[in-house]
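Here the structure is laid out as structure tokens; the discussion comes afterwards.
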Amino acid sequence: MKDVKMLEKNYTPKDFEEKIYAEWENSGDFKPDMRSDKDAYSIVIPPPNVTGVLHMGHALDNTLQDILVRYNRMLGKKVLWQVGTDHAGIATQMVVERNLAKDGISRHDLGREKFIETVWKWKEQSGGTICKQLRRLGASCDWSRERFTMDEGLSRAVRKIFVNLYKDGLIYKAKKLVNWDSKFMTAVSDLEVIQKETVGKMYYYKYPIEGVEGEFIHIATTRPETMFGDTAVAVSDKNEKLKHLIGKNCIIPIINRAIPIIADDHADPEKGTGAVKITPAHDFNDFEVGRRHDLPLINILNEDATLNENTPFEGMTTLEARAKTIEKLTELGVMEKIEDHPMVIPYGDRSGVIIEPLMTDQWFVDAPVLAKEAIRAVEQGEMEFVPKSYEKTYFEWMRNIQPWCISRQLWWGHQMPIWYGPDETIFCEENEEEAQAAADKHYGQHVELRRETDVLDTWFSSGLWAFSTLGWPDKTEFLDTFYPTSVLVTGFDIIFFWVARMMMMSMYMMKKVPFKKCYIHGLVRDEKGQKMSKSKGNTVDPMETIEKYGADALRFFMAAMETQGRDVNMSEARIAGYRNFATKLWNAARFCEMNECKTVKEFDENKVELAINKWIVAKAKQATADVTQNLNSYRFSDAANAVYQFAWGSFCDWYIELSKPVFYGDDEVAKVETRATAAWVLDRILTILHPFMPFITTELWNNTCENRECKLVHTAWPLNEDIDENALTQIDWAIDLISSVRSLRAEMNLPAGAKLNIILKDADKTSQANIASLNNIICSLARLEKIECADDKCEVTPDMVQHVFKECTILLPLKGVVDFAAERERLNKELDILNKNIEGYVRKLSNASFIERAPAQVVAEEKRRQAEAEEKKAKVEEALARIANF
RNA sequence: GGGUGUGUAGCUCAGGUGGUUAGAGCGCUACGUUGACAUCGUAGAGGUCGCAAGUUCGAGUCUUGCCACUCCCACCA
């Protein structure tokens, strides 16, 4: 341990936070002690995007994890916080492509191999940012075990589980309608599509009926340009007006192709015109209709969402083609009307472009099958959500889950372990050698294989995170010790993306839940409760907040605001408030330092004699038990508030004040005990506050005692202490009495320096004893000259103010305290001024033109002032009456 | 359309199983520089707990209905 230095006058977190973190990391304080036989506790971090920067959501998420991790470490458990980053397929590829675009290079110019090299280079360069920022926040992860979803071990896990799933028939290839992102030219999963409300247009036009001159079927659509892909028009057979057309053909204008009019209930007679054009290759509903009626599929789009050779408008974008189509329809005289139409349009969550349903070959995970075990595990309590209500969301989604499209036509990601033979036979093996061997065996001769170029959805590898980071598929000590992990802490927006997938993957591969609990927190919003977004410009950078207020203040804010799953609204004032709390603690430590309160090793807090010391010890134990209980039940705000209340309310506001008469008195024995107690309490505060504010607590821990036996990070968390309830009552009573006297003084408007003599009437034996033993303290804190007890025979003279206090009465003689003549004069003067003011208000408010012309606010303000003045006047008159006779 | 939350002080929010006087932070008012701290201290003002009915000895808390808002999922030719 290093030398103790005098504490600086001012609390400046910047000066020590980074230095302290470096010390922790360098001395391996965050590594689990694998030789220990204690319980294991583990958390895997939700891996941030490798190219990302820390935002407030991360700050919240990681603060909560760090609190749990530090708390459990202090409980003596063998603790692992597994850290790492995600390769974030689309997001990362996008960033790198954007960078290349600055130099006018596209990824196609480079080619796949070169491009991936560039991404790796970019990762080396910028990948460390978010990890540095996590350190700055104080996250006590084991950095020596940092992983990346694309590193060799994790890639091996991906290949292994893929092959298993494939061979179990749970991964399959299919030609299906999928969400197509035309910017990245890849399929995306349902979850990556966001529906946005927009005002679009509804186009009404008509298709001529084949062979019947002058008869038409009327169509309504929001996407006229898809008509070139129509292969039918559907009408409900319950539609009396239109059902006579069923079985006939109609002609698609412009291209003059005949298509059948079919009967299908998908066409709701109440909606639109009652007739629906069916475009099976470009609409999910139409696809189903097409399947029911065995309709042909006509694809009209290229991969970049321009129209293809199956249309007259090849090469145009959908919007261009739409305009052109309408123009032609109008020329042909079949266009009827165009109306505004509110509708929802699907956009890619990353690309921001409109998502087109497109027929393509893709790979799917049979999620409905995998979901079964994942649902069962939660139903049977093997994994529990906190708060519990989130399991409803989970069940709802899992029970309606669709096959998960896992193939992406990107370059950055895990390339699928799939090889094709010359006749397109699929070989799925963990590596090329095995695939080759399998193929050679299959064909009976050596053949050339072609590898699938698609990569996997990023969430596929994230889904393995809980066990792949611990060494799976190898059998490792860490896997044995730390799997299943203790708790997963994440936001509700990630339940589907990640929590659900982890559950499915773990139940399938490990036959165990990936985590025993899942703590779900809300979103961090701005001061007004609005979602933070770069486009709105209302984001707050946690690094700037840390720079300004310190990481401890930000962390404490996050903990104090975290109430079981509700959103957190940013509040700079509140963060400042918690910085002030840190300052307060700093100054309390300085007070201890000045009064030579040093940690005494052989000190036994259960053997203190002084009432105030017994009291604060009991309070400290109570606060500790409170924090413990709340942390055990993930009630972060309650836990944070319990430390806050104790440190500020009990220790700073009362105990330090109560100790002053001792320190400034001359009872040396009392001084010795109080010094040791104060030091013990300060240590206790540092201990229970450490998970929340690790930096200031460590700095104080290191500088308030020479030769600490243990680092604060590993100091034992006190459990199951006996609380001396009796020790609480006496001082609590004195505190109430002191507060009462202070209120009385303020109410009576007595001079600040006035020394009072107080009589306590009808005091019982306990109160009398309290007055006797705590006389010194009470007089000092309530600023009394003297306090004494009297029985019911005590005479109450007219100059005495009476105030009920519990079962007794406080008598406060004013004679000799207040110069009544001077006070009367002062009050009369005040009354004069108030009267004049009120007169003014009355005059103004009875002035008709003022009422009429002045803004309502001004009038209201004037009325408020009048009411205020009158209220004050009443008080002054009351005070005058009270002293009238003296 | 299906589901889920929320409505408590001027603002932002706490109030696990119904129980004295409903709390916190910030803001506000008055006073205060007293030997850790003005990034502070002391005292204070401010609430018919969304509305209505019900259960109960007792409801912010439980039940029902209504009003307002949030979020998620699906769909809208």
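Each chain gets a letter, A, B and so on, in the order its sequence line appears, and its residues count up from 1.
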- prompt: Considering residues, nucleotides and ligands other than A:Q195, do more than 12 of their heavy atoms fall under 6.0 Å from its CD?
  reply: yes
Touch class at under 4.0 angstrom, heavy-atom based, for A:T222 against every strand present: sugar-phosphate
- request: Looking at every strand, decide which applies to A:E657 at a 4.0 Å heavy-atom threshold: base, sugar-phosphate, or nothing.
  value: base
- line: Symbol by symbol from the 5' end, with Watson-Crick or G-U pairs under 3.5 Å, [ ] crossing and | another strand, RNA chain B is (((.(((..((((.....[...)))).(((((.......))))).....(((((..]....)))))))).)))....
field: Of the listed nucleotides B:C37, B:G16, B:G44, the one nearest the side chain of A:K584
entry: B:C37
- request: Look at the side chain of A:D268 and the backbone N and O of A:E270, then say whether any donor-acceptor pair between them is shorter than 3.5 Å.
  value: yes
Pick out the pairs of N or O atoms, protein on one side and nucleotides 3-8 of chain B on the other, that lie under 3.5 Å.
none

message: With a sphere of 6.0 Å drawn around NZ of A:K14, does it hold more than 12 non-hydrogen atoms of other residues, nucleotides or ligands?
response: no
- request: Tell me whether the centres of the aromatic rings in A:F581 and A:F556 are closer together than 6.0 Å.
  value: yes
- prompt: A:M202 CE to B:C75 C1': how many Å, rounded?
  reply: 13 Å
message: Quick one: does any side-chain atom of A:D526 pair with a main-chain N or O of A:Q530 as donor and acceptor, under 3.5 Å?
response: yes
query: Of all the nucleotides listed (B:C26, B:G16, B:A36), which has the minimum atom distance to the side chain of A:A573?
result: B:C26
- request: Answer yes or no: are there more than 12 heavy-atom neighbours, outside A:K528 itself, under 6.0 Å from its atom NZ?
  value: no
statement: Atom CG of A:N569 and atom P of B:A14 are separated, to the nearest Å, by 9 Å
message: Please report the distance, rounded to the nearest Å, between CG in A:L781 and P in B:A43.
response: 11 Å
message: Treating A:T226 as the side-chain partner and A:R223 as the backbone partner, does any N or O pair qualify as donor plus acceptor under 3.5 Å?
response: yes
field: Nearest-angstrom distance from the residue atom CG of A:D626 to C1' of B:A14
entry: 14 Å
- request: May I ask whether A:Y664 stacks on the base of B:G35, given the cut-offs of 5.5 Å between ring centres and 30° between planes?
  value: yes
Pairwise P distance, B:G1 and B:C66 [rounded to whole Å]: 14 Å
message: Looking only at the side chain of A:F492 (C-beta and beyond, no hydrogens), which of the listed nucleotides B:U39, B:C13, B:C71 gets closest?
response: B:C71
message: Nearest to the A:D653 side chain among B:C72, B:U42, B:A36, which nucleotide is it?
response: B:U42
message: Before we go on, tell me: are the rings of A:Y549 and A:F557 under 6.0 Å apart, centre to centre?
response: no
Aromatic centroids of A:Y519 and A:F636 separated by under 6.0 Å: yes
Salt bridge (charged side-chain N to carboxylate O under 4.0 Å, His left out) between A:K243 and A:D237, intermediate numbers included: CA-CA 5 Å; A:K243 73 178 192 186; A:D237 57 6; over 6 Å; no
task: Please determine, for the side chain of A:R742, which listed nucleotide (B:U42, B:C40, B:C13) has the closest atom?
output: B:U42
statement: Rounded to whole Å, the CZ-C1' distance (A:R745 to B:A43) equals 11 Å
- request: Ignoring the backbone of A:D638, work out which of B:A36, B:A14, B:U42 is nearest its side chain.
  value: B:A14
- prompt: Atom CE of A:M398 and atom C1' of B:C73: how far apart are they, to the nearest Å?
  reply: 15 Å
message: Under 4.0 Å, heavy atoms only, any strand: does A:C592 hit a base, just the sugar-phosphate, or nothing?
response: nothing
message: Let's see if you can work this out: which of B:A24, B:C40, B:G16 has an atom nearest to the side-chain heavy atoms of A:N580?
response: B:C40
query: Mind checking the P distance from B:U48 to B:A22? Whole angstroms is fine.
result: 12 Å
query: With respect to the side chain of A:S743, which nucleotide from B:A14, B:C72, B:A43 is positioned closest?
result: B:A43
field: Side-chain (A:D340) to main-chain (A:V199) donor-acceptor, under 3.5 angstrom
entry: no
- prompt: So what does A:Q629 touch, heavy atoms closer than 4.0 Å: a base, only the sugar-phosphate, or nothing?
  reply: base
query: When the nearest nucleotide of RNA chain B is assigned to A:T563 and to A:N595 on a heavy-atom basis, which residue is associated with the more 5' position?
result: A:T563
message: If you assign A:S637 and A:G274 each to the RNA chain B nucleotide with the nearest heavy atom, which residue ends up on the more 5' nucleotide?
response: A:S637
- prompt: Base, sugar-phosphate, or nothing: which does A:A576 touch, judged by heavy atoms less than 4.0 Å apart?
  reply: nothing
message: Test your reading of the model: is there a side-chain donor-acceptor pair from A:H521 to the backbone of A:F492, 3.5 Å cut-off?
response: no
query: If you check the A:R635 side chain, which of B:A24, B:A43, B:G15 turns out closest?
result: B:G15
message: Using only modelled atom types and a 3.5 angstrom limit, is any donor from either the side chain of A:Q645 or the base of B:G23 paired with an acceptor on the other?
response: no
field: Donor-acceptor pair under 3.5 Å, A:R783 side chain vs B:U34 base
entry: yes
- line: Separation of B:C72 atom P from A:D349 atom CG, nearest Å, is 13 Å
- prompt: So, is A:W586 near the phosphate of B:C40, with a side-chain N or O under 4.0 Å from OP1 or OP2?
  reply: no
message: Give me the distance, rounded to whole Å, that separates B:G47 from B:C62 when you measure between the P atoms they each carry.
response: 25 Å
message: If I take atom CG in residue A:D493 and atom C1' in nucleotide B:C73, what distance separates them, rounded to the nearest angstrom?
response: 15 Å
